[in-house]
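Contents: one structure, followed by commentary.
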Amino acid sequence: MKAAVFIKPGEVDVQDVEKPTIQKPTDAIIRIVRASVCGSDLWWFRGISHRDANSLVGHEAIGIVEEAGTDVTDIKPGDFVIAPFTHGCGHCAACLAGFDGDCLNQEAGGNGGYQGQYLQFTNANWALVKIPGQPSDYSDDVLNSLVTLADVMATGYHAAASAEVKTDDTVVVMGDGAVGLCGVIAAKLRGAKRIIAMSRHADRQQLAREFGATDIVSERGDEAVKKVMSLTQGSGADAVLECVGTEQSVDTAVKVGRPGAVVGRVGVPQKPEMNTNHLFWRNIGLRGGVASVTTDDKQLLLKKVLDGEIHPGRVFSQRFDLDHIQDAYDAMDQRKAIKSLIVVSQ
């Protein structure tokens, strides 16, 4: 089968690799229909984080179950599914509490193989999210939105839920990548009346407004803090969604919240330490982490997409086939694409 492979920083390739097989009774084999490139993939693509050479890549996809292990009873061959980047078992303490991203039964090793023709998916029985019908039943736009439920829409929602966004809140969203834009959708979904999107790029600013942002702040650092405080008459935001992970973004997120606000942090940390004194002196709460993808998809997000209430698939600004995987990564690395869609099969 064909699959995307990491060669070295700045280089990915499509190679013929062995098709995966069932290794454990909890596995499923999925024929990938659509996949995507994530902003977090750029970390190892740019050499910021380590990834082993010749490893399979990708962690967001939708597809058709081709084969299921003997312990997989809720999903069967032929089912159309979302393949989340999380692999929750559904019965450990973390999953039962709704935090499948921190499942206590996840297996060792990083995700990979989603950007390929077939995927071996572990903990398939509960972690896979069944979509009614087949891909042919849905429009191109809906299929794109379903892909986002494997990661970015669920991660954006996790930021809003972690920040405890509620009706009539004023919310600041840090980051104008796919996760940040989905965070705007999530904040509106949870009832925020004012959503301040931090963005410096015209195309992303426009999409943020279409998703529900009421204000745009292009400044960064201390100037961004001043602008938010001006917009909120010196009070600050009720909730802050931190969807970047850089030191500056986290620092700004902490400073733009009102006393008692909560920061929902889903940007993968780029620095191991942070100054928590700012939290203390303003009673700012800090929550967040790895998204609860399966939990939120099953409880809310899948229905919202199928009912046409949200359209997160609009974050895909360019599309590619598997043979042009390098172009898909380059487009995101060079900010020519907000998010790259990979059409693998029909």
Side-chain angles (χ1 to χ4, degrees), residues 2-15 32-49 51 56-62 85 112 114-116 140-141 143-153 155-156 173-185 197-211 213 216-220 224 241 243-246 248-249 266-268 270 311-344:
K2 290 182 177 180
V5 176
F6 172 63
I7 306 301
K8 63 182 181 181
E11 183 178 349
V12 290
D13 191 21
V14 172
Q15 298 182 359
I32 301 299
V33 173
R34 295 188 181 198
S36 54
V37 180
C38 182
S40 63
D41 291 332
L42 297 180
W43 285 45
W44 48 259
F45 183 76
R46 292 169 172 166
I48 297 172
S49 63
R51 190 178 191 96
L56 299 178
V57 296
H59 59 260
E60 308 165 312
I62 57 175
F85 78 93
Y114 289 59
Q115 293 166 8
D140 185 71
D141 289 344
L143 290 174
N144 290 351
S145 288
L146 292 171
V147 176
T148 69
L149 299 187
D151 183 351
V152 290
M153 184 61 234
T155 298
V173 180
M174 306 292 305
D176 62 359
V179 172
L181 291 167
C182 287
V184 172
I185 294 175
M198 312 290 267
S199 173
R200 304 178 80 177
H201 304 89
D203 57 339
R204 299 167 190 236
Q205 291 174 354
Q206 178 62 33
L207 192 53
R209 286 194 180 278
E210 292 172 9
F211 280 163
I216 302 293
V217 171
S218 59
E219 292 85 352
R220 290 188 179 180
L241 281 53
C243 305
V244 183
T246 62
Q248 183 184 64
S249 178
V266 297
V268 180
Q270 293 186 17
H311 305 276
R314 295 182 62 198
V315 298
F316 291 111
S317 57
Q318 291 196 41
R319 60 199 294 149
F320 304 84
D321 59 24
L322 199 55
D323 289 330
H324 292 85
I325 192 69
Q326 179 71 42
D327 294 335
Y329 275 82
D330 286 341
M332 286 187 63
D333 180 44
Q334 298 164 16
R335 285 191 174 271
K336 295 178 180 178
I338 298 174
K339 189 170 179 66
S340 294
L341 176 74
I342 312 297
V343 179
V344 180

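One is the number of the first residue; the rest follow in order along the sequence.
Taking CG of Asp323 as the reference point, atom CG of Asp13 lies at 9.5 Å (rounded to 0.5 Å). Ser199 contributes atom OG, which lies 7.5 Å from atom CG of Leu181 (distance to the nearest 0.5 angstrom). The distance from atom CG of Leu341 to atom CD of Glu60, rounded to the nearest 0.5 Å, is 10.5 Å. Atoms CG and OH, on Leu56 and Tyr114 in that order, are 12.0 Å from each other to the nearest 0.5 Å. Taken to the nearest 0.5 Å, the CE atom of Met153 stands 5.0 Å off from the CD1 atom of Ile185. With rounding to the nearest 0.5 Å, the separation of CZ in Arg335 from OG in Ser317 is 11.5 Å.
Ile7 has its side chain within reach of Gln15: a pair of non-hydrogen atoms, C-beta onward, lies under 4.5 Å apart. The side-chain heavy atoms of Val266 and Leu241, taken from C-beta on, include no pair separated by under 4.5 Å. Side-chain contact between Val147 and Phe316 is present, with heavy atoms from C-beta onward closer than 4.5 Å. Ser249 places none of its side-chain heavy atoms less than 4.5 Å from the side chain of Met198.
With Gln115 as the partner, the side chain to side chain contact (heavy atoms under 4.5 Å, CB included) test is satisfied by one option alone out of Val12, Ile32, Val57, Val14: Val57. Just one residue in the list Trp44, Trp43, Phe6 forms a ring pair (Phe, Tyr, Trp, His ring centres under 6.0 Å) with Tyr329, and that residue is Trp44.
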Does the side chain to side chain contact (heavy atoms under 4.5 Å, CB included) test come out yes or no for Asp176 and Gln205, once each step is laid out? CA-CA 8 Å; Asp176 62 359; Gln205 291 174 354; 5.8 Å; no
With side chain to side chain contact (heavy atoms under 4.5 Å, CB included) as the criterion, how do Arg319 and Asp140 come out once you've worked through the C-alpha distance, each side chain's angles and the decisive distance to 0.1 Å? CA-CA 12 Å; Arg319 60 199 294 149; Asp140 185 71; 3.0 Å; yes
As a quick check of understanding, evaluate side chain to side chain contact (heavy atoms under 4.5 Å, CB included) for His59 and Cys38, giving each step before the final call. CA-CA 8 Å; His59 59 260; Cys38 182; 3.4 Å; yes
Does the pair Phe211 and Val315 meet the rule for a side chain to side chain contact (heavy atoms under 4.5 Å, CB included), with working shown? CA-CA 10 Å; Phe211 280 163; Val315 298; 4.0 Å; yes
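Heavy-atom minimum distance, Val152 versus Cys182: O-CB, 3.5 Å. Minimum heavy-atom separation, Val244 to Gly175: CG2-CA, 3.4 Å. Considering every non-hydrogen atom in both Ala197 and Ala213, the closest pair reads CB-CB, 4.0 Å. Nearest heavy atoms, Glu11 versus Gln326: CA-OE1, 3.4 Å. The two residues Ala208 and Ile216 come nearest to each other via the heavy atoms CB-CD1, 4.3 Å.
Partners of Glu219 by side-chain contact (heavy atoms from CB on, under 4.5 Å), not counting sequence neighbours, listed by chain and number: Val217, Glu223, Ala224, Lys227.
Donor-acceptor pairing under 3.5 Å is lacking for the side chains of His311 and Asp141.
Taking the charged nitrogens against the carboxylate oxygens, Lys339 and Asp151 have no contact shorter than 4.0 Å, which rules out a salt bridge.
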